[in-house]
Engineer: 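This is the structure, below, for whatever I ask next.
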Amino acid sequence: GLWSNQPAYRHTLNSRGTNRSMKRFEFPLESVLRLRKFAEAEARQALTEALTERNAAEAALHATRTRIAGYMRQLTEDLPTLAANEVVGMWQELDHLEEVALKQAAHLADCEAEVQRRTEAYIEAQKERKPLERLKEEMHREYLHEMDLAEQAFNDELAVIGHSRKGGEA
């Protein structure tokens, strides 16, 4: 995420001049965010699978229609030279291919509907994750601001202590 490359702890000097570590940022809804990210990833995977199946169905239908067009072209071009049993065989194959194409078209329509359902599910999963991401980012910005204020207050305190020591020596 945005702060994954941030150090786990911010280091400042304590009153003795040694490092002290400030509490690390923890998002209280991290487990919920993780679950929503997981649900979104699963929805994305389901959509990818549906798209793959839809593309395969589309390719199969295209191949069948190409075969039908080839038979039709062969019938019209070669009809005078074909024997009667060849013409009957080609028409039977055409009938069979038309039935196959109808089934493939119905399957493609089912695949399109599934892609639509899974697209909606994926968008919904994104909508459930994004507000938590924004909240986490805002809370992290507030945390960094508070740490900066605490560090500044500490540095101011050191400056006052240093100044009072110099004043006492004079």
Side-chain angles (χ1 to χ4, degrees), residues 1-69 100-170:
L2 179 62
W3 37 87
S4 60
N5 55 4
Q6 295 281 335
Y9 292 88
R10 289 186 61 158
H11 297 283
T12 60
L13 295 178
N14 64 17
S15 58
R16 291 182 303 278
T18 59
N19 274 344
R20 67 180 174 129
S21 296
M22 299 187 122
K23 189 173 186 308
R24 178 181 160 166
F25 172 72
E26 291 181 18
F27 182 53
L29 298 173
E30 189 64 42
S31 60
V32 175
L33 179 58
R34 247 191 325 256
L35 286 173
R36 292 201 178 159
K37 284 180 177 181
F38 181 76
E40 181 182 349
E42 282 191 330
R44 182 176 42 249
Q45 180 61 35
L47 175 58
T48 300
E49 290 168 6
L51 287 167
T52 299
E53 184 170 348
R54 193 253 346 247
N55 292 344
E58 204 169 46
L61 179 58
H62 177 74
T64 301
R65 287 181 175 161
T66 300
R67 286 182 65 199
I68 290 170
V100 168
L102 285 174
K103 288 178 184 173
Q104 288 173 332
H107 178 63
L108 178 58
D110 291 344
C111 289
E112 290 288 352
E114 186 64 20
V115 165
Q116 184 62 36
R117 279 191 297 277
R118 290 185 181 191
T119 298
E120 291 167 4
Y122 177 56
I123 290 169
E124 189 60 34
Q126 286 179 318
K127 286 179 182 177
E128 290 179 7
R129 175 196 50 82
K130 285 180 180 181
L132 278 177
E133 285 281 348
R134 285 191 295 274
L135 178 61
K136 182 178 181 177
E137 290 169 7
E138 180 59 32
M139 288 179 78
H140 187 255
R141 278 191 296 276
E142 288 175 15
Y143 163 81
L144 291 177
H145 180 70
E146 289 172 13
M147 292 299 105
D148 287 343
L149 290 176
E151 191 171 344
Q152 183 61 46
F154 178 75
N155 290 337
D156 290 348
E157 184 181 326
L158 285 179
V160 167
I161 291 171
H163 181 69
S164 66
R165 283 186 182 165
K166 285 183 187 176
E169 294 173 7

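Computed from a predicted model, the values in this text were never measured in an experiment.
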Engineer: Tell me which one of Leu47, Asp110, Thr52 satisfies side-chain contact (heavy atoms from CB on, under 4.5 Å) with Val115.
Structural biologist: Leu47
Engineer: Find the distance between CD (Gln45) and OG1 (Thr48) and round it off to the nearest 0.5 Å.
Structural biologist: 5.5 Å
Engineer: Fit a plane to each ring of Tyr143 and Phe25, take the angle between them on a 0 to 90° scale, and name the class: parallel (under 30°), tilted (30 to 60°) or perpendicular (over 60°).
Structural biologist: tilted
Engineer: Taking all atoms of both residues into account, what is the closest heavy-atom pair of Ala57 and Cys111, and its distance?
Structural biologist: CB-SG, 4.1 Å
Engineer: Between Glu133 and Lys37, does any side-chain N to carboxylate O distance fall below 4.0 Å?
Structural biologist: yes
Engineer: Flag the pair Lys136 / Glu30 as yes when at least one side-chain heavy-atom distance between them is below 4.5 Å, and no otherwise.
Structural biologist: yes
Engineer: To the closest 0.5 Å, what do you measure between CE (Met139) and CG (Leu144)?
Structural biologist: 12.5 Å
Engineer: I'd like to know if Arg117 and Glu114 make a salt bridge, using a cut-off of under 4.0 Å between side-chain N and carboxylate O.
Structural biologist: yes
Engineer: Is it true that the side chains of Glu112 and Gln116 contain a donor and an acceptor less than 3.5 Å apart?
Structural biologist: no
Engineer: Could you grab the distance from atom CZ of Arg129 to atom CG of Leu35, nearest 0.5 Å is fine?
Structural biologist: 14.0 Å
Engineer: Contact between Glu58 and Leu61 at the side-chain level, heavy atoms closer than 4.5 Å - yes or no?
Structural biologist: no
Engineer: So, do Glu142 and Glu138 sit near enough that their side-chain heavy atoms are less than 4.5 Å apart?
Structural biologist: yes
Engineer: To the nearest 0.5 Å, what is the distance between CE on Met147 and NE2 on His140?
Structural biologist: 10.0 Å
Engineer: Does the side chain of Tyr122 reach to within under 4.5 Å of the side chain of Arg118, using non-hydrogen atoms?
Structural biologist: no
Engineer: Do the side chains of Glu53 and His107 get nearer than 4.5 Å, heavy atoms only?
Structural biologist: yes
Engineer: Would Asp156 and Gln152 count as having a side-chain donor-acceptor pair, cut-off 3.5 Å?
Structural biologist: yes
